[in-house]
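First up is the structure itself, then whatever we jot down about it.
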Amino acid sequence: MAAANGVRRVWVGQDSLLSTPAVSAIIRERISADGAKATGAFILTASHNPGGPTEDFGIKYNMGNGGPAPESVTDKIFSNTKTITEYLIAEDLPNVDISVIGVTSFTGPEGPFDVDVFDSATDYIKLMKTIFDFESIKKLLASPKFSFCFDGLHGVAGAYAKRMFVDELGASESSLLNCVPKEDFGGGHPDPNLTYAKELVDRMGLGKTSNVEPPEFGAAADGDADRNMVLGKRFFVTPSDSVAIIAANAVQSIPYFASGLKGVARSMPTSAALDVVAKNLNLKFFEVPTGWKFFGNLMDAGMCSVCGEESFGTGSDHIREKDGIWAVLAWLSILAYKNKDNLGGDKLVTVEDIVLQHWATYGRHYYTRYDYENVDAEAAKELMANLVKMQSSLSDVNKSIK
Ligand SMILES: O=P(O)(O)OC[C@H]1O[C@H](O)[C@H](O)[C@@H](O)[C@@H]1O
């Protein structure tokens, strides 16, 4: 289809594996030998939902800034699908083996056409090295007092986890759980939360009791590796606290932010933990509707450095998507910073210590979220329409209650 429509080249991650954040990084950073850049990207993914032939599957489109397409574009695409009468396809082109790295060149119906298969992790790791101090994270991971665990939930994060945590940062291979990417996520539901990341939750001492001492730090990412969950030993960090704690510690702990944060933002249903950090640190603060594209607008305007959603998404302006592995590296950086003079001491500063200290400084914030899964779509739409209708007659709606 691309060749038939005059596209000059297509970039594909090896084995068709690219995380959503890596796609965003590639759109923004990758330059081909002749100086060309991507104009956008299609991401084929079930995201955080069960995947495979009988489960979910979706197509996301990302724009030239690396972020999700805005509603004006998706609305236009949708309206075109209702009037389209034909599509072009170049049937004569042979298949390309996307398990092999390299460029295959064709003469397509519209002229030269290349399929460039590249390593999924190299560009992403390069970008992470410009953000974090890998040496200090390595020292933390090498400390006999520290232990680490990462659950890829059989999603695409597995294509990055071994390269990042084991090869680059020196974690042991046994610290990786479910890090072989599978087309159906091994039959699991790759949503990194307390319900679905069961194995990690148990290993971290939050599930069924076990005699094995849990690791100091645990994390998981979702099917396309843009969401994350952070856990300490027998301790859960809410996504709302996580973004606030990252923002509060970013300047000291993460070299990319050393000269200060441009601002911070959260989605409307995310707790106000970040608001208080912004107030105390005198940072620009924004509350946006749910959806990462709204953060992207602020970032493109140079007004936001760190942001997050209650749905386990955390990220920064290094790309225009939330970024699961980035969030793990951010937490490891904070732990490395807090323990920099303490790695030989009796006891490390733990994830729980950091969160308790944060609450003591900024206060504690609460929110709640209910997921209603696999409900009848029509009935759900009706319920939402009803809620919207009721809104105007409910006096408490849109009021801030302290
Ligand atoms: O990018 P995804 O992981 O697919 O998430 C996309 C969206 O899913 C849900 O609607 C969440 O409530 C949002 O907070 C999130 O932005």
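Both counts, for ligands and for their atoms, begin at 1 and track the order of listing.
- Using a 30° and 60° split on the angle between ring planes, Phe118 and Trp11 fall in the perpendicular class, above 60°.
- Residues Tyr196 and His189 bring their aromatic ring centres within 6.0 Å.
- For Tyr160 and Tyr124, the distance between ring centers is under 6.0 angstrom.
- For the ring-ring contact (aromatic ring centres under 6.0 Å, His included) condition, the pairs that include at least one residue of residues 54-103, sequence neighbours left out, are Phe42-Tyr61.
- Protein residues having at least one heavy atom under 4.0 Å from any atom of ligand 1 are Ser47, His48, Lys60, Asp222, Asp226, Arg227, Thr290, Glu309, Ser311, Lys322, Arg369, listed by chain and number.
- Glu199 is linked by a side chain to side chain contact (heavy atoms under 4.5 Å, CB included) to Asp151, Leu177, Asn178, counting only residues two or more places apart in sequence or in another chain.
- Checked against ring pair (Phe, Tyr, Trp, His ring centres under 6.0 Å), Phe165 has the following partners two or more places apart in sequence or in another chain: Phe148, Phe150.
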